[in-house]
Student: 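Would you mind keeping the following structure in view while I ask a few things?
In what follows, chains are A, B, ... by sequence order, proteins preceding strands, each numbered from 1.
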Amino acid sequence: MATNEDNLKAIISHAKEYGFVFQSSEIYDGLSAVYDYGQMGAELKKNIKDYWWSAMVQMHENIVGIDAAIFMHPTTWKASGHVDAFNDPLIDNKDSKKRYRADVLIEEHVEKIRQKIEKEVEKGTKRFGDAFDEEQFRATNPNVLRNQSKIDEINLRFKVAMDEEDLAAVKQLIEELEIACPVSGSKNWTDVKQFNLMFSTEMGSVADAASTIYLRPETAQGIFVNYLNVQKTGRMKIPFGIAQIGKAFRNEIVARQFIFRMREFEQMEMQFFVRPGEEMKWYEYWKTERVKWHRSLGIDEKYYRFHDHVKLAHYANAACDIEFDFPMGFKELEGIHSRTDFDLKQHEQYSGKKLQYFDPELNESYVPYVVETSVGLDRTFLAILSASYTEEKLDDGSERTVLSLPAFLAPVKAAVMPLTRKDGLPEKAREIMEVLKFDFNCQYDEKDSPGKRYRRQDAIGTPYCIMVDHQTLEDNTVTIRDRDTMQQERVSIDQLEGILQAKVSFRKALTA
RNA sequence: GCGGGAGUAGCUCAGCUGGCUAGAGCGUCAGCCUUCCAAGCUGAGGGUCGCGGGUUCGAAUCCCGUCUCCCGCUCCA
């Protein structure tokens, strides 16, 4: 029984060997947490995108898709909260080797002082009984006052230091407060480092402070800032959705585990705009819809699990994850969030533009609520790849490695091969290729024994192999071999297009 | 970022008490065979042993630095 770790290694090797995923800039020793999709990977990824787009946009009359730029006005990220929330001052304890957020350490310290005050108040309550005037006590008791002024001073100093980005002052504050590491108990700290989770760059050829812009850390904001454009030009009526597939960038502290967590990654998102008060209904609706989509890939249900968030982000009033059993365990694959009207309200405030919708049924205007579905494209890729990767032991004792990809997502739909390289069989096989290539991505292969060629196609997940043999020359029939059952069926060449179309199109999965 | 492990051919690995021209299997390519589920035959290509420096007559092997990957911790909208 292979361990999960071995399994991940096997998948990474396989992905490299067959041209699915390469490490970025490998000849230069690679670039940490960045990967490239090779010739097979690019096809599979493209097919996943197309399938998602069909399911979300093509299958819903009230959802349209956009393609917003990666560069956005810097104020976007102030409004979204990313500038503040994605900027953590970090500090390490040299003895315990633990890393902390400096602001959290200081907050915890402040909290301790606050508890001293509360104790003092409690004592007062006991001493004075019914005659106790808490307000007056807090305003006059010297111990309380002293501690309160301590708190105020710490908070002020911290705020000033952060505003001025003076990290040395933050460290000094921690040292002066004699904050100790909860694990080692020591006060042996490294310098405070700013960890900026957003990538920044300069717009324009002349660099100055005002021209700093960020690479978007999520695609959602491109939808929010265009919500009114799309609503008006597309004559969209609430409820409606805007979908987008695109790259996003995050400077992860720990970016590892193959393509699961990359610095440059791709999201498939849909923001659904609804009437305030109806958000929970739609939240439930999209939960169900998105689970259906994942199920339609034909991957065993045991790979999936739901996780409802207890602790919610500041913008959400409900959130859940669809988790997948990756080789490294259950991890988030897709998030479904009820984002309230937080984002649009923020953009209204920062832009000074009204982002409201006039609802003719209610005869009133409002800022819509938003239900978001956001699935990682690279994670979906990894999920499909890892669930499809199988090392089989056959009855005759031999082995084969097969990617049992959903047929409609497979990079190559069919391989066309002549049984031998003589007697006009290659020519006949080429003829078939010429017909099929307009509708299906096909490979031609005449090298090595038939069995070997079948295995090669199994390794890249090609669902069907079409073999041209001597009988083909007599009656225009070929054998079509199924990847999963390894069974062959003899069919006439005229039937091929129809057979492939039925098995390989999105239709069956989308209507299941 | 810290701690631990690792890095030799496309893949899996051997060689590592310093010493022939750095090897094997699989894969790849060309040819033979003309075969319906890997492993028939012949041949070829492919590595400055992650990179840089040092010790030495001599380094894949020993020492230092560095990069990358894996595991754990920290973080995670």
Student: For A/Lys437, what residues pass the salt bridge (charged side-chain N to carboxylate O under 4.0 Å, His left out) criterion, not counting sequence neighbours?
Tutor: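 Checked A/Lys437 against salt bridge (charged side-chain N to carboxylate O under 4.0 Å, His left out); matches are A/Glu434.
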
Student: What's the gap between B/C13 and B/G54 when it is taken at their P atoms, as a whole Å value?
Tutor: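 Taking atom P in both B/C13 and B/G54, they lie 33 Å apart.
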
Student: Using the P atom on both, measure B/U55 against B/A44 and round to a whole Å.
Tutor: 41 Å

Student: Hunt down the Watson-Crick or G-U wobble partner of B/U68, both distances under 3.5 Å, from any strand shown, or write none.
Tutor: B/A6

Student: Out of B/C36, B/C37, B/U34, which has the shortest distance to the side chain of A/Arg455?
Tutor: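 It is B/C37.
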
Student: Quantified in whole Å, what is the P atom distance between nucleotide B/U56 and nucleotide B/G50?
Tutor: 23 Å

Student: Measuring only the P atom in each nucleotide, how far is B/C2 from B/G65? A whole number of Å is fine.
Tutor: 13 Å

Student: Taking atom P in both B/C62 and B/G5, what distance in whole Å separates the two?
Tutor: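 Those two atoms are separated by 15 Å.
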
Student: Which one is paired to B/C75, where only Watson-Crick or G-U wobble pairs with both distances under 3.5 angstrom count?
Tutor: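 Looking at the geometry, B/C75 pairs with no nucleotide.
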
Student: Please figure out whether A/Asp448 or A/Ser80 has its closest RNA chain B nucleotide nearer the 5' end.
Tutor: A/Asp448

Student: Once you apply a heavy-atom cut-off of 4.0 Å, does A/Asp469 come out as touching a base, just sugar-phosphate, or nothing?
Tutor: base

Student: With sequence neighbours left out, what residues match A/Glu111 under salt bridge (charged side-chain N to carboxylate O under 4.0 Å, His left out)?
Tutor: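 Only A/Arg114 meet the salt bridge (charged side-chain N to carboxylate O under 4.0 Å, His left out) criterion with A/Glu111.
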
Student: Minimum heavy-atom separation for A/Thr477 to A/Thr472, with atom names?
Tutor: O-OG1, 2.8 Å

Student: Quick one: A/Leu425 CG to B/C36 P, roughly how many Å, whole number?
Tutor: 12 Å

Student: Between B/G10 atom P and A/Gln39 atom CD, what is the distance in whole Å?
Tutor: 15 Å

Student: Taking the side chain of A/Lys447 as its heavy atoms from C-beta onward, which of B/C36, B/G31, B/U34 lies nearest to it?
Tutor: B/G31

Student: Does B/G47 have a Watson-Crick or wobble mate here (both distances under 3.5 Å), and if so which one?
Tutor: none

Student: Test for a donor-acceptor pair under 3.5 Å between the base of B/C37 and the side chain of A/Arg400, counting only N and O atoms.
Tutor: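 In this structure, the two groups form no donor-acceptor pair.
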
Student: Using a cut-off of less than 4.0 Å, is there contact between a side-chain N or O of A/Arg456 and OP1 or OP2 of B/C37?
Tutor: no

Student: Separation of A/Asp321 atom CG from B/A77 atom P, in whole Å?
Tutor: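 Those two atoms, CG and P, are 10 Å apart.
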
Student: What integer number of Å spans the C1' atoms of B/C75 and B/C29?
Tutor: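 So the two C1' atoms sit 48 Å from each other.
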
Student: Provide the Watson-Crick or G-U wobble partner of B/U56, both distances under 3.5 Å; none if there is no partner.
Tutor: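 The base-pairing partner of B/U56, which may sit in any strand shown, does not exist here.
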
Student: Once the angle between the rings of A/His14 and A/Tyr18 is folded into 0 to 90°, is it parallel (under 30°), tilted (30 to 60°) or perpendicular (over 60°)?
Tutor: tilted

Student: Considering just the side-chain nitrogens and oxygens of A/Ser13, establish if one lies under 4.0 Å of OP1 or OP2 belonging to B/U12.
Tutor: yes

Student: Looking only at the side chain of A/Tyr454 (C-beta and beyond, no hydrogens), which of the listed nucleotides B/C37, B/U28, B/A77 gets closest?
Tutor: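 My answer, after comparing the listed nucleotides, is B/C37.
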
Student: I'd like to know if A/Arg250 reaches the base of B/C76 with its side chain, counting only an N/O donor and acceptor under 3.5 Å.
Tutor: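 No pair found.
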
Student: Nearest whole angstrom, please: distance from the C1' of B/C70 to the CD1 of A/Ile12.
Tutor: 8 Å

Student: Sequence neighbours left out, what passes salt bridge (charged side-chain N to carboxylate O under 4.0 Å, His left out) with A/Asp484? Give chain and number order.
Tutor: none

Student: Can you tell me the distance, in whole Å, between the NZ atom of A/Lys428 and the P atom of B/U34?
Tutor: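 Distance, rounded to whole Å: 24 Å.
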
Student: Given atom CG of A/Asp445 and atom C1' of B/C37, what is their separation to the nearest angstrom?
Tutor: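 Rounded to whole Å, this separation is 14 Å.
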
Student: For A/Ile460 and B/C11, what is the distance between atoms CD1 and C1' respectively, to the nearest whole Å?
Tutor: 17 Å

Student: Mind running a 4.0 Å heavy-atom check of residues 16-25 of chain A against RNA chain B and sending the residues that fall below it, in number order?
Tutor: A/Lys16, A/Glu17, A/Gln23

Student: Scan every strand shown for a Watson-Crick or G-U wobble partner of B/G27, both distances under 3.5 Å, and answer none if you come up empty.
Tutor: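 Result: none.
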
Student: Run through A/Arg483, A/Arg481, A/Lys452 and flag the one making a salt bridge (charged side-chain N to carboxylate O under 4.0 Å, His left out) with A/Asp458.
Tutor: A/Arg481

Student: Output all residues satisfying side-chain hydrogen bond (donor to acceptor under 3.5 Å, both in side chains) with A/Tyr444, sequence neighbours left out; order by chain, then residue number.
Tutor: A/Glu446

Student: Just name whichever nucleotide pairs with B/C32, Watson-Crick or G-U, keeping both distances under 3.5 Å, else none.
Tutor: B/G40

Student: In terms of side-chain heavy atoms of A/Gln488, which of B/A77, B/G27, B/C36 is nearest?
Tutor: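 Between B/A77, B/G27, B/C36, the one nearest the side chain of A/Gln488 would be B/C36.
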
Student: Can you tell me how far C1' of B/A77 sits from CZ of A/Arg261, to the nearest Å?
Tutor: 12 Å

Student: Tell me which of A/Lys422 and A/Asp482 sits closer to the 5' end of RNA chain B, going by the nucleotide each one is nearest to.
Tutor: A/Lys422

Student: A/Phe381 ring centre to A/Lys49 NZ or CZ under 6.0 Å, with the angle to the axis within 45°?
Tutor: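 Verdict for A/Phe381: no cation-pi partner in A/Lys49.
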
Student: Do A/Arg379 and A/Phe260 meet the cation-pi criteria used here (NZ or CZ under 6.0 Å from the six-membered ring centre, within 45° of the axis)?
Tutor: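 So A/Arg379 does make the cation-pi contact.
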
Student: Give every donor-acceptor pair under 3.5 Å between a side-chain atom in residues 326-334 of chain A and any protein atom, sequence neighbours left out.
Tutor:
residue, atom, partner, partner atom, Å
A/Glu334, OE1, A/Arg290, NE, 3.2
A/Glu334, OE1, A/Arg290, NH2, 3.1
A/Glu334, OE1, A/His294, NE2, 2.7
A/Glu334, OE2, A/Arg290, NE, 2.8

Student: Say you pick atom P in B/U42 and the same atom in B/A24; how far apart are they, in whole Å?
Tutor: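 Rounded to whole Å, the distance is 15 Å.
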
Student: When rounded to the nearest Å, what value does the distance between C1' atoms of B/G53 and B/C69 take?
Tutor: 23 Å

Student: Can you tell which of B/C76, B/G27, B/C36 lies closest to the side chain of A/Lys452?
Tutor: B/G27

Student: What does A/Thr479 touch in the nucleic acid at a heavy-atom separation under 4.0 angstrom: a base, only the sugar-phosphate, or nothing?
Tutor: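 It contacts base atoms.
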
